[in-house]
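The chains referred to below are lettered A, B, ... by the order of the sequence lines, with proteins before strands, and numbering in each begins at 1. Quick caveat: nothing in here was measured; it's all calculated off a predicted structure.
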There are 2 protein chains.
Amino acid sequence: MNAASYQQLDRVIHERGRLAIMSLLAATTELPFTGIRDALEMTDGNVTTHLRTLQEAGYLAVTKSFQNGRPHTTAALTVTGRKAFRHHVDLLARIVERARSGPSLEPGVMSGSRLRPQT
Amino acid sequence: MNAASYQQLDRVIHERGRLAIMSLLAATTELPFTGIRDALEMTDGNVTTHLRTLQEAGYLAVTKSFQNGRPHTTAALTVTGRKAFRHHVDLLARIVERARSGPSLEPGVMSGSRLRPQT
DNA sequence: GAAAACACTTTGTATTGCAAAGTGAACGGA
DNA sequence: TCCGTTCACTTTGCAATACAAAGTGTTTTC
């Protein structure tokens with residue numbers, strides 16, 4: 001694990017709002033649209049788009065139905081989603097842990113060894 | 001601490017690339033431009049813009065000089081930056097911890113108590 | 001029966017992450 | 001001494017997208 005492993009941070013999950021949704025769903029089993037919106041104090045539009053993004057990534061199972069004449073949407077993590085989230089969280093934990101260890105290296109040791117990303 | 005505390009996640013710090021830079025600088029004292037770029041395998045342009053963003057937020061002290069006829073840029077966390085990063089990391093740690101605890105609540109408990117963000 | 005509430009979705013915009021291209025100085029070979 | 005290359009960045013262009021305001025359709029309330 002080198003410092004550049006941050007590249008592995010899944011952008012779909014990492015975004016603030018979606019990290020919150022994934023986090024929330026990871027702690028429960030299934031939640032309604034309104035539950036997510038209220039728990040996270042998110043706007044409706046925000047929830048809709050994030051749910052769609054997460055669903056399209058295969059991380060969420062979203063079910064839409066009508067109950068007493070009103071739309072009812074629920075979301076739950078898929079197995080893939082749970083795995084991806086766990087992986088993300090592990091990465092974050094490692095980054096955080098390393099950061100917490102505090103200053104240790106001398107300044108300047110990182111120079112040299114030029115290595116551009118392939119274009 | 002409620003679930004909506006994700007709102008406190010500092011967007012300047014939270015972005016992947018910048019989280020990596022902050023993380024890297026938190027573990028050392030000061031690094032040159034090229035050190036950051038190489039350690040994180042980031043493109044030059046990316047490093048420049050992220051450094052600027054972090055500097056404008058007051059999180060980084062960036063010094064630019066010429067050494068043997070070449071520009072030499074270094075970056076280090078400011079006290080504010082170190083504090084903000086620590087706070088961010090603490091928040092992440094809490095989110096991560098709660099997520100790690102696994103399913104516990106019943107589905108449906110989060111409904112009701114509508115509370116829109118002020119517009 | 002008009003108006004408000006509810007559960008969403010769509011739209012518009014303003015931001016911004018990213019890499020390709022650009023800049024300018026120094027160095028290396030022919 | 002010219003020409004190309006390397007180095008250390010900065011600027012530019014664009015595609016993606018986070019966000020909230022406005023919109024939709026139903027249902028309840030007064």
message = side-chain contact (heavy atoms from CB on, under 4.5 Å) for A:Met22 and A:Leu60? Distances and angles first, verdict last.
response = CA-CA 9 Å; A:Met22 293 290 281; A:Leu60 246 54; 3.9 Å; yes

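- Tested against B:Val62 for a side chain to side chain contact (heavy atoms under 4.5 Å, CB included), the candidates B:Thr74, B:Thr78, B:Thr73 yield a single pass: B:Thr73.
- Between B:Ser65 and A:Thr49, the residue whose closest nucleotide on DNA chain D is further toward the 5' end is B:Ser65.
- Residues A:Leu54 and A:Leu25 are not in side-chain contact: their nearest non-hydrogen atoms beyond the backbone lie 4.5 Å or more apart.
- Checking side-chain atoms of A:Arg18 against main-chain N and O of A:His50 turns up no donor-acceptor pair under 3.5 Å.
- A sub-4.0 Å separation between OP1 or OP2 of C:dC8 and a side-chain N or O of A:Thr73 is present.
- Put simply, the side chain of B:Gln7 gets close to the backbone of A:Leu40: a donor and an acceptor are under 3.5 Å apart.
- Taking atom CZ of A:Phe33 as the reference point, atom P of C:dA5 lies 18 Å away to the nearest angstrom.
- Classified by interplanar angle (parallel below 30°, tilted 30° to 60°, perpendicular above 60°), the ring pair B:His14/A:His14 is parallel.
- Annotation: side chain of A:Pro71 is not in contact with side chain of A:Lys64 (no heavy-atom distance under 4.5 Å).
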TODO: Could you check B:Asp10 against B:Phe85 for side-chain contact (heavy atoms from CB on, under 4.5 Å), going step by step and ending with a plain yes or no?
DONE: CA-CA 9 Å; B:Asp10 187 332; B:Phe85 181 64; over 6 Å; no

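- Distances shown here put every side-chain N or O of B:Thr43 at or beyond 4.0 Å from the OP1 or OP2 atom of C:dC18.
- The distance from atom CD1 of A:Ile13 to atom C1' of D:dA18 is 17 Å, rounded to the nearest whole Å.
- With rounding to whole Å, A:Ile36 atom CD1 is found 12 Å from C:dT9 atom P.
- The CG-P distance, from A:Leu31 to C:dC8, rounds to 13 Å in whole Å.
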Is there any protein nitrogen or oxygen under 3.5 Å from a nitrogen or oxygen in nucleotides 13-17 of chain C, and what are the pairs?
| residue | atom | partner | partner atom | Å |
| --- | --- | --- | --- | --- |
| C:dG17 | OP1 | B:Arg18 | NH2 | 3.4 |
| C:dG17 | OP2 | B:Arg18 | NH1 | 2.4 |

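- Counting only heavy atoms from C-beta outward, the side chains of A:Tyr6 and B:Met42 approach each other to under 4.5 Å.
- Nearest to the side chain of B:Arg52, among C:dC8, D:dC9, D:dT11, sits D:dT11.
- Close to D:dA8, at under 4.0 Å from its OP1 or OP2, lies no side-chain N or O of B:Lys64.
- At C:dC8, none of the side-chain N or O atoms of A:Thr48 fall inside 4.0 Å of OP1 or OP2 (strictly under the cut-off).
- Atom C1' of nucleotide D:dC7 and atom CD of B:Gln67 are separated by 14 Å, given to the nearest angstrom.
- Per the geometry, CG belonging to A:Leu19 stands 17 Å off P belonging to D:dT17, to the nearest Å.
- Atom C1' of nucleotide D:dC7 and atom CZ of B:Arg37 are separated by 8 Å, given to the nearest angstrom.
- Between B:His72 atom NE2 and C:dA26 atom C1' there is a gap of 17 Å when expressed in whole angstrom units.
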Please tabulate the protein-to-nucleotide N/O contacts below 3.5 Å involving nucleotides 26-30 of chain D, giving atom names and distances.
| residue | atom | partner | partner atom | Å |
| --- | --- | --- | --- | --- |
| D:dT26 | O3' | A:Gly69 | O | 3.2 |
| D:dT27 | O4' | A:Arg70 | NH2 | 3.4 |

